[in-house]
Amino acid sequence: MALNKARLDRFLAQYCQISRKDVRLMLAKNRVKINGVLAHDIDEIIDTFSHITLDGQVIQANSAHYIMLNKPVGVVSATQDSQHKTVIDLLEQPFKNELHIVGRLDLNTSGLVLLTNDSRWSERLTLPEHKVSKRYIVSLKNKLHTEYISAFAEGMYFGFEDITTKPAKLTIINDYQAEVELIEGRYHQIKRMFGRFQNAVTALHRASIGNLPLDSELSAGQSRILTSVEVNNIGK
Ligand code: URA
C-alpha cells in the first residue's frame, strides 16, 4: 500500500524491487494503469486509494470509508477500551477496525462522530486552520447571560495549554440551553468555557460538523455510510 501520498516511481520501484530506471521502461511499455488510465509520468503522485494495475493485475486497491455515528452517552471515543463500549464496538461494517475517529467526544457527550480510514480527509476536518466548524447543543445547570456571547467570541485563555481559544459563536436558545460553534477541539473545551462562569454543563450534544448535520433518522448508537456528496461537501 502506498503511504498516503507517494511518487509513482518510488512506489513501483519498492513494490517490484526494481530500479527507477526500470520503472521508466515499465511505463514506456504501457504496463501500468492508475485509476484505469495508462500511466506515463514517473512523477505522478499516487495515494493510498489510487487503484493501480501492472500488466492488468491489481497491485493496489484500497477503498476509502466514511461513516457517521450517533454516539450515545457512556460510549468512549476510542478504538479500544477495557472499561467501556467504544464507538468501534457500535459499528457493524466489516472494515470497522481500519477506521480512526475524526474528532473525539467526551464519554458523557452524545451526537455526531465521524470515522474514516482516509487520514487526509480527517486532517482537513480537524486542523483549526481549515476552520471547519463543529456545532453543539449545550444544556446548563444555571441561567445563561448575554455576556457569555462576547466572552466566547473573544476567546478564553487556558493556562494549562498556554493558549487562547479561537473565536467561538454562542447563540442563546433559551434560559438553560445554547448552541455553540467551535473551529477547534481542545480538551473538554465547552465544559471549561462555561466553567469560567461557574455554570456546569448538564448535557452536550454535537449536532453537526461543517455542512454535515447528524442524520435525524439515526437513533443513538446507529451509524451509516456517508454519500460521496456528503464526503466532498462537508468542509466547504
Ligand atoms: N467540548 C467538551 O467539553 N466536550 C466534548 O465532548 C466536546 C466539546
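Side chains are part of it too, since the values below use all heavy atoms of this structure and drop only hydrogens, waters and symmetry mates. Remember, it's 1-based here, ligands and their atoms both numbered in the order they're listed.
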Closest non-hydrogen contact found for F49 with N62 is CD2-O, 3.4 Å

With a cut-off of 4.0 Å, which atoms of ligand 1 are near a heavy atom of Y136? 7 (C), 8 (C)

Going by atom types only, do H100 and T79 share a side-chain donor-acceptor pair under 3.5 Å? no

Which of the numbered atoms in ligand 1 are under 4.0 angstrom from any heavy atom belonging to T109? 4 (N), 5 (C), 6 (O)

Check for me whether Y187 has a heavy atom closer than 4.0 Å to any atom of ligand 1. no

Atoms in ligand 1 flagged as close to Q189, the criterion being non-hydrogen separation under 4.0 Å: 1 (N), 2 (C), 3 (O)

For the pair E129 and K166, find out whether any cationic side-chain nitrogen is under 4.0 Å from an anionic carboxylate oxygen. no

Is a salt bridge present between R7 and D9, judged by a nitrogen-to-oxygen distance below 4.0 Å? yes

Using a 4.0 Å cut-off to any heavy atom of L105, which atoms of ligand 1 qualify? 6 (O)

Going by the atom numbers of ligand 1, which of them fall below 4.0 Å from some non-hydrogen atom of D106? 2 (C), 3 (O), 4 (N), 5 (C), 6 (O)

In this structure, atom 3 (O) of ligand 1 is nearest to the protein heavy atom H188 C, 3.0 Å

Can you tell whether the side chains of K96 and D89 come within less than 4.0 Å, N to carboxylate O? no

Which ligand 1 atoms does K191 reach within 4.0 Å, using its non-hydrogen atoms? 3 (O)

So is there a nitrogen or oxygen of L204 less than 3.5 Å from a nitrogen or oxygen in ligand 1? no

What residue and heavy atom of the protein are closest to atom 1 (N) of ligand 1, and at what distance? I190 N, 3.1 Å

Indicate whether any N or O donor in one side chain lies under 3.5 Å from an N or O acceptor in the other, for Q177 and S139. yes

Looking at F158, is R192 sitting on its ring face, NZ or CZ under 6.0 Å from the six-membered ring centre and within 45 degrees of the normal? yes

